[in-house]
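One structure below.
Reminder, nothing fancy here: chain letters follow the sequence lines and each chain counts from 1. Since the model is a prediction, treat every value here as computed from it, not as a measurement.
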Amino acid sequence: MIDKTSLSMAQAISKVKDGSTIMIGGFGTAGQPAELIDALIEHGARDLTIVSNNAGNGDMGLALLIKEKRVRKMICSFPRQHDSWHFDTLYREKGIELELVPQGNLAIRIQAAGAGLGGVFTPTGYGTILADGKETREIAGKKYVFELPIKADIALIKALKGDRWGNLVYRKSARNFGPIMAMAAATTIAQVKEIVPLGSLDPEHVITPGIFVQHVTSVGV
Amino acid sequence: MIDKTSLSMAQAISKVKDGSTIMIGGFGTAGQPAELIDALIEHGARDLTIVSNNAGNGDMGLALLIKEKRVRKMICSFPRQHDSWHFDTLYREKGIELELVPQGNLAIRIQAAGAGLGGVFTPTGYGTILADGKETREIAGKKYVFELPIKADIALIKALKGDRWGNLVYRKSARNFGPIMAMAAATTIAQVKEIVPLGSLDPEHVITPGIFVQHVTSVGV
Amino acid sequence: MTIQPLSRDQIAQRVALDIEEGAYVNLGIGLPTRIANFLAPGKEIFLHSENGILGMGPAPEVGKEDDELINAGKEHVTLLNGGCFFHHGDSFAMMRGGHIDVCVLGAFQVAANGDLANWHTGAPDAIPAVGGAMDLAVGAKKVFVTMEHNTKKGEPKIVERCTYPLTGLACVDRIYTDLAVIDVTSRGLIVIEMAPGIDIQTLQNRTEAPLHYNS
Amino acid sequence: MTIQPLSRDQIAQRVALDIEEGAYVNLGIGLPTRIANFLAPGKEIFLHSENGILGMGPAPEVGKEDDELINAGKEHVTLLNGGCFFHHGDSFAMMRGGHIDVCVLGAFQVAANGDLANWHTGAPDAIPAVGGAMDLAVGAKKVFVTMEHNTKKGEPKIVERCTYPLTGLACVDRIYTDLAVIDVTSRGLIVIEMAPGIDIQTLQNRTEAPLHYNS
């Protein structure tokens, strides 16, 4: 019997190694896997590359991971927020590397990794400093920038419900990056509010098929 | 009030012009919008480019459209089936052009069009005759072929239910190409078994958001 | 007659007039978000949020906020009957793929050729953050900009060439400021409306790029 | 002892032994489809179908067929408890993106370096059709091939170089025929099992490419 819910959060997170690339779901705090990030902080891995839309809020979660200097590099679209002071401080001190990626290029590069593409030509960012040094091409009269896939060793995502085969459903705008990050990581760990019996998720309504998820861990209600 | 269900099937299909590129959903007969294809046959448009996984079955639908020499070119992955005699005959007579595309490249090229990409590097087909003459590139030690997006003037798809804003849900493996074709066509016409009141589709379960659909037409039960 | 610049709400109200029923619309953070308040209640207009919402409704009643139902500015919103959710891949396919009819963005500068600068002042100590602005700039069928006509120091924001880092090239279709509504065309900037009390010469004085008028 | 070639069902049964619990597996049209019949009922194995199914179950009872629940060979199937549906984009992301652990394909020819030819005879009047074979060949973590060891005319199908148009380059990991199970390795073809009654020399005689054995 395959049971992807069998590991504790700490056991699942122990797959993270120093130097890993980790995708973290969420748009602001919506969809952010707070408990998994706490487990990652507890775990102690260092020298991480984090792929996430933002660079942490307040003093918790990703912001705390950054504060503790465990993040070597952030790949994100919108680090600056009203409460991103830990990132801001470290960035100004040159204590953290930043690869700033337009949000849609972040999404498509993650998707490209999940879908096994070598790269894509995207119109976004053409002619801007975020395309500096990148290959460009005119295709059918429009200008594009070549972007490489972004893949990860681990994805940490938050969903609403999951089953022992790893099937997931999400809730409202907390879905955001979860489904595409699950596809782009070698190991995806999903925290869910509820683990449900196999077969209780309608096969028409599953958003992330279990093939993209290696561990499902419950955070209770 | 926006009501995408207001046109009859014939009125919706009248948007097709001679020389149009038309995507037709379905994998074999599952998900094939049979009534819309009948309306297209009735409509009379000629010199069509058809993008569809197969090249018609038996004597009806797409096979009939091909038999009537209304299709200039097929873009598909698997034209040959046990009952694809109309395509087979016309192809051997050089009465129809064929662009044979590996199924996953067909899918990703349709997705690239829907997502506004200029093109993608795909590993599929590398080193085969289906990549003859195409640009290739080695990226991170793996070989890829450059493929251009495939977009369409019209997509004809089949779904289970739709509402007046164009939101769609599908049924089982009849979903197949519907969602990605809807994204890649300037005008998408969906035939549904049932038009349901706005709000009766759960916002978490909508598979094709209405933004990708211009007309919804009922074929009854 | 003294110049009566439009208030921020009046600018939002003016943009709302140009959004047609049935349009798929993305409203940027800040002033553009306010436009939603002025859309005619009888018109069905589809508001898109980059974080995976179509059919976004107004702010919820106090006490009914849901932290998992937020807009791009991370403010609480609601979902209309008929709205739906989707992931970031599909959301940016809508934006990049030309499916959004209108986006409305704020700006630091717009150039005469439609170049847009709205994400970065270029200041060396600024924390850069781009979000979805570049995707909207290249992907929306029409790009509208709302901004004050001049900076607080009185410098023009409609310029010959942007001095701030660009968001997108030749992408702006129409500019709404407190002083005027201006179309960006292949024949240059064409003023189509002016605020009460302002004259052509005064508007030009406050604008670096040359303005034209349909005669 | 006379040679006792494996029947098609025996080949399918043999492949089934090599599929581990928890594997995500795509079974090609024809002989590979039969493998499903021989998977140990106690093992949970996830069958993927390119047309948007994960967790495919066996053929339905007579009278319970559903034309909208079919496999890649357009045969009626069922869905297991815990299975799900998705569109073609996601389905081929699974295949091309390295998410499928094992695919099993039929073949016209396999070369010593793992090149696979299974979609087109190259005959001038043949109607070409490729389907998802090329995606599986490049994308699955392991590519298994099942085929008769020789053509009906007795020609070898395991060759130095494929003469038929290729499906994928250096992609085959293991070959299952009626006469042997052969691994494709960087050191060449290594025979790991032979059918009852066949000897090394006879097997080599029926094989164009040189065969090796682990001593």
Side-chain angles (χ1 to χ4, degrees), chain A residues 1-6 107-120 149-153 155 159 161-170 178-188 195-216, chain D residues 19-26 39-57 66 68-70 77-103 132 134-141 143 168 171:
Chain A
M1 189 179 108
I2 295 301
D3 185 2
K4 297 183 179 180
T5 70
S6 62
I108 200 73
R109 293 175 64 187
I110 292 169
Q111 289 183 286
L117 301 178
V120 301
I150 301 176
K151 60 182 143 198
D153 301 301
K161 299 180 190 179
D163 65 27
R164 68 178 176 83
W165 282 5
N167 295 307
L168 302 177
V169 298
Y170 301 81
I180 64 172
M181 287 181 169
M183 297 172 75
T187 299
T188 292
I195 292 171
V196 296
L198 198 69
S200 57
L201 299 177
D202 187 318
E204 304 283 3
H205 302 162
V206 168
I207 300 300
T208 294
I211 190 172
F212 299 126
V213 178
Q214 283 65 48
H215 302 289
V216 178
Chain D
I19 298 181
E20 293 181 5
E21 177 150 40
Y24 290 90
V25 179
N26 185 296
L39 296 170
K43 280 199 229 174
E44 286 191 338
I45 288 166
F46 306 106
L47 297 183
H48 170 266
S49 189
E50 67 190 24
N51 53 320
I53 311 174
L54 199 60
M56 201 165 41
D66 182 337
E68 295 190 331
L69 185 47
I70 58 171
V77 295
T78 53
L79 188 75
L80 299 180
N81 213 27
C84 63
F85 303 110
F86 35 85
H87 62 52
H88 250 77
D90 284 345
S91 189
F92 278 82
M94 293 178 192
M95 295 158 73
R96 190 194 311 108
H99 305 280
I100 302 287
D101 295 301
V102 177
C103 78
M134 289 185 177
D135 300 278
L136 288 166
V138 299
K141 285 182 198 153
V143 176
C171 58

Heavy-atom pair with the smallest gap, counting every atom of [X] and [Y]:
| X | Y | result |
| --- | --- | --- |
| Asn81(D) | Gly199(A) | OD1-CA, 3.2 Å |
| Gly82(D) | Asn167(A) | O-ND2, 2.8 Å |
| Cys84(D) | Pro209(A) | SG-CB, 3.6 Å |

Answer with side chain, backbone, both or neither: which region of Phe85(D) has an atom nearer than 4.5 Å to a non-hydrogen atom of chain A?
both
Rounded at 0.5 Å granularity, tell me how far CE in Met94(D) sits from CE in Met183(A).
6.5 Å
How long is the gap from CG on Asp90(D) to CD1 on Ile207(A), to the nearest 0.5 Å?
9.5 Å
Is the shortest side-chain heavy-atom distance between Leu80(D) and Trp165(A) below 4.5 Å?
yes
Which atoms of Leu201(A) approach chain D - backbone, side chain, both or neither, heavy atom under 4.5 Å:
neither
Name the region of Lys4(A), side chain, backbone, both or neither, that has any atom closer than 4.5 Å to a heavy atom of chain D.
side chain
So for atom CD, which belongs to Glu21(D), do other residues, nucleotides or ligands contribute more than 12 heavy atoms lying within a distance under 6.0 Å?
yes
